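What follows is a single structure, written as structure tokens, with notes after it.
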Amino acid sequence: MAVTAPAFETIAPPATSARKRRYTEDQVPIGKVLVRMLAGLIVLLVFTLPYVIMFFGSVKTKAQIRSVDPTYFPTEWHWENYLNMWSTPETPLVQNLISTIVISVFATLLVLLVAMPAAYYTARMQFPFRMVFLFLVIVTQMLQPAVLTSGLFRQFVTLGMIDTWAAMIFINAAFNLSFAVWIMHSFFAGIPKEVDEAAQIDGAGRMTVLFRINLPLVWPGIVTAIVFTFVACWNEFAASLVILSTAGNQPLSVALTKFVGQYETSWHYVFGVSIVAIIPVVVLFMIIEKRLVGGLTAGSVK
């Protein structure tokens with residue numbers, strides 16, 4: 001009787017070991033991690049160092065800033081500078097801050113009110129000279145308020161709107177409208193037309209399709225347009241300097257120059273006002289950071 005040798009089965013190694021091995025092979029070497037961290041810290045230092053120096057300067061006295069032997073760190077921290085600058089005789093900073101907020105917010109809202117229907121129409125409708133119209137829209141982005149200040153001044157004098165918030169709201173909206181239209185146009189064009197047709201079959205009108213169907217889909221693009229428009233309005237200087245002559249109506253960008261005199265400059269107040277002017281923009285970026293990143297990277301992955 002022949003005896004057969006028992007068959008030996010090959011036992012596969014545990015799946016965990018394979019996963020562990022693959023994970024080990026895919027790991028980034030520690031050297032590359034350290035190099036990337038070092039590069040990131042250098043970039044962070046380069047971009048934040050001016051703001052850090054500006055902050056240190058805002059809590060120094062005028063004598064410390066103009067010292068013959070200057071130091072980066074203040075020898076004494078004068079936090080009262082942030083309180084005293086609001087009551088300086090150079091300019092009413094409280095009114096300047098309110099003016100900046102009002103002009104920036106209402107100009108941004110006006111841009112959205114006009115840009116959303118315009119971008120939707122240019123993305124969905126085929127009309128004569130459509131590409132020419134879009135080309136002219138982007139050409140207007142090349143024109144800046146600084147080169148048109150004299151014409152703008154005469155125009156608003158004729159309209160009786162000189163030295164008013166309304167004038168600056170219209171100017172800021174006009175010079176940021178083209179960018180917002182182009183940003184949102186690309187997002188509307190990326191939505192299939194079948195989405196609109198399905199909604200219209202169900203009885204939805206054009207405005208319903210725009211606001212209830214398309215806007216939730218293009219929200220990252222809207223957020224991107226809001227951020228760039230608001231920042232541009234917040235930092236606008238040239239037109240405000242010419243159009244607004246009353247100190248209380250001027251924004252912070254113009255009020256900042258009041259601390260720079262012919263013979264003496266209050267640098268501690270200049271730095272303090274600059275820090276205050278930066279804070280609202282930083283807060284805005286923190287609130288809508290995720291939406292902004294989505295808008296800037298939309299379309300990079302299909």
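Given the structure is predicted, the values throughout are model-derived calculations rather than measurements.
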Handout entry: Sub-6.0 Å ring centroid separation between Y72 and F56
Key =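 No, too far apart.
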Exercise for the section: Mark yes when over 12 heavy atoms from residues, nucleotides or ligands other than F55 sit less than 6.0 Å from its CZ; otherwise mark no. Expected result: yes
Practice task
Check whether more than 12 heavy atoms from other residues, nucleotides or ligands sit under 6.0 Å from atom CH2 of W165, and answer yes or no.
Solution key: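 Yes - once you tally the heavy atoms of other residues, nucleotides and ligands closer than 6.0 Å, there are more than 12.
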Closest approach of [X] to [Y] (non-hydrogen atoms, all atoms of both residues):
X	Y	result
L244	D163	CA-OD1, 3.5 Å
M184	A115	CE-CB, 3.3 Å
V254	S240	CG2-CB, 3.7 Å
M161	A166	CE-CB, 3.8 Å
L252	T100	N-OG1, 2.8 Å
P251	S99	N-OG, 4.1 Å

Problem - From CA spacing to verdict: side chain to side chain contact (heavy atoms under 4.5 Å, CB included), I275, Y82 - result: CA-CA 10 Å; I275 293 293; Y82 283 95; 3.8 Å; yes
Exercise for the section: List the steps and the verdict of side-chain hydrogen bond (donor to acceptor under 3.5 Å, both in side chains) for Q64 and T75. Expected result: CA-CA 8 Å; Q64 290 177 359; T75 56; 3.0 Å; yes
Enumerate, atom names and distances included, each donor-acceptor pair closer than 3.5 Å involving a side-chain atom of residues 30-53, sequence neighbours excluded.
from : atom 1 : to  : atom 2 : distance (Å)
T48  : OG1    : L44 : O      : 2.5

Exercise for the section: Test side chain to side chain contact (heavy atoms under 4.5 Å, CB included) on V227 and T224 and set out the steps. Expected result: CA-CA 5 Å; V227 170; T224 305; over 6 Å; no
Exercise for the section: Step by step, work out the side chain to side chain contact (heavy atoms under 4.5 Å, CB included) result for F170 and L110. Expected result: CA-CA 8 Å; F170 286 129; L110 181 58; 3.8 Å; yes
Please tell me if the side chains of [X] and [Y] come closer than 4.5 Å, counting only heavy atoms from C-beta onward.
X	Y	result
M85	V276	yes
Y269	N84	yes
F259	T88	yes
T229	F175	no

For the hydrophobic clusters of this structure (ILVMFWY residues joined by side-chain heavy atoms under 4.5 Å, transitively), does one cluster hold both [X] and [Y]?
X	Y	value
V283	I226	yes
I98	M168	yes
I278	L97	yes
L109	I101	yes
F237	V281	no

Practice task
Anything under 30° is parallel, anything over 60° is perpendicular, the rest tilted; go ahead and classify W79 against W77.
Solution key: parallel
Exercise for the section: In plain terms, say whether K60 and E76 are close enough for a salt bridge, that is, a side-chain N and a carboxylate O under 4.0 Å apart. Expected result: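 Salt bridge between K60 and E76, a charged N being under 4.0 Å from a carboxylate O: no.
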Side-chain polar contacts of residues 131-138 - donor-acceptor pairs under 3.5 angstrom, sequence neighbours left out - could you list them?
none

Exercise for the section: For N172 and S104, test the side chains for any donor-to-acceptor distance below 3.5 angstrom and give the result as yes or no. Expected result: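 Not at all, the side chains of N172 and S104 share no donor-acceptor pair under 3.5 Å.
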Practice task
Step by step, work out the side-chain hydrogen bond (donor to acceptor under 3.5 Å, both in side chains) result for H78 and T61.
Solution key: CA-CA 7 Å; H78 294 270; T61 62; 4.9 Å; no
Problem - T149 vs F153, side chain to side chain contact (heavy atoms under 4.5 Å, CB included): CA-CA, chis, key distance, verdict - result: CA-CA 6 Å; T149 50; F153 181 83; over 6 Å; no
